[in-house]
Amino acid sequence: MSLLHEYSAPAEPKPEEAQPKGFALYRRSHFRDIQTPKGIDVLGHRLFGHDMGPQPRLHLLLGQGSIGKSSWALGLAVAQIRGDSNFCGFPLNSDPRGWLFIGSENNAIRWKTDLDAAEKAMDEAARERLESRLFVAGVFDAVDDSITLPESAQRLRQTVLDCVALSPGPLCVVLDPWSDLTSDELDTSSVTKTLKELRAVFAGLPNSGELSPAVLIIAHSKVGKDFAAGSTERFDGGSSMRGNKGPYNKARTALALYPRDGDTTGLVLSATKCNDGDLPKPRGLIVDRSTLSYREDPDFDVDQYRAEMKAKPGNRTAAKVSTDDVVKAVQQGNRKAADIVASFKGRASTRTVENALKTAVDFGHLERISPGVYILGPTLSVKK
Amino acid sequence: MPTQAIKDPQKAAKAAEQRSQWPAFEVPTASDLEAIRRIRGIGVEGLKLAVDRGILRVAEWKEHPSWIVTDSTRQCAQARRLDGEPFPFRGGLKKALTLDGSNARWPVGAGAIEPAHGSILLCEGGPDLLAGFLCLWAEGRAGSATVGSMLGASASIDPDALELFRGRRVRIAEHDDEPGRKAGKRWADSLAGVTSKVIAIRFHGLIQADGQPVKDLNDALRIDADVFEENRELWGVIP
């Protein structure tokens, strides 16, 4: 009998039995060392996120393209890891949770840029926590890497399993964007199937006892001022989601980010759905892109914002300010344009008030004695 | 570089720190080689070949003069006492101690694979590694082949080491026990991706000169002459 034996080739696993590999997991240090090639402009910073509960439930962040949803979500993760007690006016818990970002939206250079910015506002201990608690799934290859369900369900699940094993605490998983998770965000059948697969991806994870992963899905919203205004109104929030509303219906929490008119560094964050508590009020955000920080703007007036969003060109019904109104404002002692505009805060947009002032000057009811300063005009002076 | 499962940088740093604490490994003296020959029954010519390849060294470990198997990568090292006695260890005794910080998945000897080495004998454990070098010398294959060894049956082969086996003929010298067979199959499965064919040499049914069964390659060096005659595969252990 021969002592030599040829090993039989390992049986080819059947497709359904194949163990797909999870996406590679990167730590913060991976992105620190990436060299940004000259000539590549890294744009697109803004925000998205909210206070994630420990429940294994879906949460939704809506926002129009390039508003900065991914950065906002990262800002949320960074704030939580840094130990901040508050993010955008929402309280943050302090448990040692890990954050896993799975997305096909941003490349490694974008991650480097955001993480470099986030680290500026961190001490050494926080940087170490960031290194140990933040994971980015490397979905960087446009050809081979897909997060679309159901095809990538096993790969996504393996990625989550890998991360659960590494995470020091319960996991928050950010999936970005929804339009890449589902094959057709307009088709009800496709969306339903995707949501079902998504549940399977996160079902029965090893640490799903008391604290299961919280899943935040980033999705695109419809664009337009009507939807921006609608996102701040309780009964109209869901309409801002682009495509099929399945994810919105399944989500426990839905947040929406919209820009502020004429303000490139500010955002408006509205909770349009909150199944587990009172619906928080919309809030303005002051964004510091240099440190990836987001804080609540104490001067934000949601009524004024809503009025500005509704005051579309041609929509005269939205204008609530007549020439008589601005004349009265001047008669009451408001001479500077800013003061006059402020006297209509919440009732009309800046542009509406400025238009009324211009009309009043044209009719001689007011006189502009220097840029931005008004007194009663000749017609009223004569009457007087 | 992402590998599938992230290598924990903290663990890697700790292992590197532990490896930096290893004692200096010395080239064995003639008396050291004689001691190993006497204990393991491995001819000095094979031991010298292992020394030349940087595989066999000596050092003081746990206060005992020991022989060490390692390679130039210093990924892994294992010590056995030169007096043949076991190490006192956590209230018990251990015949071999893998040095702290070792990568148990690293096949010792992989760091000595050269382009000219078209064949590799993959063994299990330190004594079989040295026995493999004796085969290498005895069969006149030192120039065209080399020997590697996993220091535990439970470990899988490190992916980085697997690449070093790419395109080479590999034979696995299995231990004749259940863990040994399972390990051989697992290593063969891993190697299937980098080599075209992996062959096992199994010692089941062979008898040593003292009548004891042959369990591994080291035992096979003490084989009964008649058995050696009958099993011509043993004339060419190296693939």
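Protein chains get the first letters and strands the later ones, always in sequence-line order, with residue 1 at the start of each.
Only the side chain of B:Glu174 comes within contact range of chain A, judged by heavy atoms closer than 4.5 Å. With a 4.5 angstrom heavy-atom cutoff, B:Arg171 touches chain A only via side-chain atoms. Of the two parts of A:Glu131, only the side chain, counted from C-beta on, holds a non-hydrogen atom closer than 4.5 Å to a non-hydrogen atom of chain B.
Taking the side chain as every heavy atom from C-beta outward, A:Tyr7 and B:Leu191 never approach each other to under 4.5 Å. Under the 4.5 Å side-chain criterion, counting only non-hydrogen atoms from C-beta, A:Glu6 is in contact with B:Ile199.
Summarising the geometry, atom CG belonging to B:Leu234 is positioned 8.5 Å from atom CG belonging to A:Leu4; distances are rounded to the nearest 0.5 Å.
Closest approach of B:Glu233 to A:Leu3, counting heavy atoms only: OE2-N, 3.3 Å.
Residue with the most contacts toward chain A among B:Arg202, B:Arg232, B:Glu230: B:Arg202 (heavy-atom pairs, distance under 4.5 Å).
With sequence neighbours excluded, the residues satisfying side-chain contact (heavy atoms from CB on, under 4.5 Å) with B:Ala96 are B:Gln78, B:Arg80. Taking the ring-ring contact (aromatic ring centres under 6.0 Å, His included) definition, one finds that B:Phe203 meets it with nothing, sequence neighbours left out.
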